[in-house]
Amino acid sequence: MSGGGATYAWTSQHPSLGNGQLLITDSQHPVLVEVSLDYARNKTWLTFQMNPEAGGTKVTCRLDVNLGFNPINRYEGLFMDGSMGPDLEKALLNLSQLAEKKEVSNR
């Protein structure tokens, strides 16, 4: 299955990560993908917005996290950009490299 409603679930051996599930909540080809991540203590939503620009496409990633009222989760939320940011930037870089590679192979 692909697009809205597609899921991926995992089981982690790492006690602090736990099990999780990724769900594509919305997909509007070629401009939008919304993803819900449910894992450990957090519910996270990612939105990837694609905007065509001269010479390519600008991809913007938005991250929303429900930390609830647990003070430990809220404290950890202060460091979320530093812990998740590099992974998201790496994912966007990989996406860019894949898109450029596909563009070259289609010529």
Side-chain angles (χ1 to χ4, degrees):
M1 178 178 210
S2 63
T7 62
Y8 173 77
W10 65 90
T11 302
S12 174
Q13 302 301 317
H14 195 281
S16 67
L17 296 177
N19 303 334
Q21 178 177 311
L22 177 145
L23 167 68
I24 298 178
T25 57
D26 193 8
S27 177
Q28 300 172 20
H29 180 75
V31 296
L32 177 79
V33 177
E34 290 182 346
V35 176
S36 169
L37 289 167
D38 191 359
Y39 66 99
R41 299 179 305 264
N42 298 320
K43 179 82 169 184
T44 304
W45 296 269
L46 289 166
T47 302
F48 296 93
Q49 182 79 42
M50 285 68 73
N51 297 307
E53 292 186 348
T57 300
K58 179 180 179 181
V59 178
T60 305
C61 178
R62 177 182 167 156
L63 173 70
D64 293 295
V65 180
N66 181 354
L67 299 171
F69 295 105
N70 180 316
I72 294 171
N73 288 355
R74 295 179 73 76
Y75 178 74
E76 288 175 354
L78 297 172
F79 305 100
M80 193 160 285
D81 185 45
S83 65
M84 291 185 76
D87 288 334
L88 290 173
E89 287 184 24
K90 183 178 178 183
L92 290 172
L93 179 61
N94 288 340
L95 176 64
S96 175
Q97 291 171 344
L98 285 169
E100 291 169 3
K101 185 177 181 180
K102 186 171 183 177
E103 181 180 308
V104 169
S105 67
N106 286 338
R107 289 185 185 169

[Y] and [X], any side-chain heavy atoms less than 4.5 Å apart:
X     : Y     : value
Lys58 : Thr60 : yes
Leu95 : Phe48 : no
Glu76 : Asn73 : yes

_Derivation and outcome, side chain to side chain contact (heavy atoms under 4.5 Å, CB included), residues Thr44 and Leu63_ = CA-CA 7 Å; Thr44 304; Leu63 173 70; 3.0 Å; yes
*Of all heavy-atom pairs between Leu46 and Cys61, which one has the smallest distance, and what is that distance?*
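Heavy-atom minimum between the residues: CD2-SG, 3.9 Å.
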*Considering non-hydrogen atoms only, spot the tightest contact between Trp10 and Leu37 and give its length.*
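Scanning both residues, the minimum pair turns out to be CH2-CD2, 4.2 Å.
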*Side-chain heavy atoms under 4.5 angstrom apart, residues restricted to Ile, Leu, Val, Met, Phe, Trp, Tyr: same cluster for Leu23 and Leu88?*
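The answer is no; the residues belong to distinct hydrophobic clusters.
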*Check whether Val59 and Val35 end up in the same hydrophobic cluster, where Ile, Leu, Val, Met, Phe, Trp and Tyr are linked by side-chain heavy atoms less than 4.5 Å apart.*
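Yes, Val59 connects to Val35 through the hydrophobic network.
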*Look at the side chain of Arg74 and the backbone N and O of Gly68, then say whether any donor-acceptor pair between them is shorter than 3.5 Å.*
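Yes, the answer is positive, given that a donor and an acceptor are paired below the 3.5 Å cut-off.
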Expected list for residues 25-34: side-chain donor-acceptor pairs under 3.5 angstrom, two or more places apart:
residue : atom : partner : partner atom : Å
Thr25   : OG1  : Glu34   : O            : 3.3
Asp26   : OD2  : Gln28   : NE2          : 2.9

*What distance do Asp64 atom CG and Thr47 atom OG1 have between them, rounded to the nearest 0.5 Å?*
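Interatomic distance, Asp64 CG to Thr47 OG1, rounded to 0.5 Å: 6.5 Å.
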*Quick one: pull up CG in Leu98 and CG in Leu93 and give me the separation to the nearest 0.5 Å.*
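These two atoms lie 9.5 Å from each other.
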*Which residue pairs satisfy the ring pair (Phe, Tyr, Trp, His ring centres under 6.0 Å) criterion with at least one member in residues 74-99, sequence neighbours excluded?*
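Every ring pair (Phe, Tyr, Trp, His ring centres under 6.0 Å) pair that includes a residue of residues 74-99, provided the two are not neighbours, is Tyr75-Phe79.
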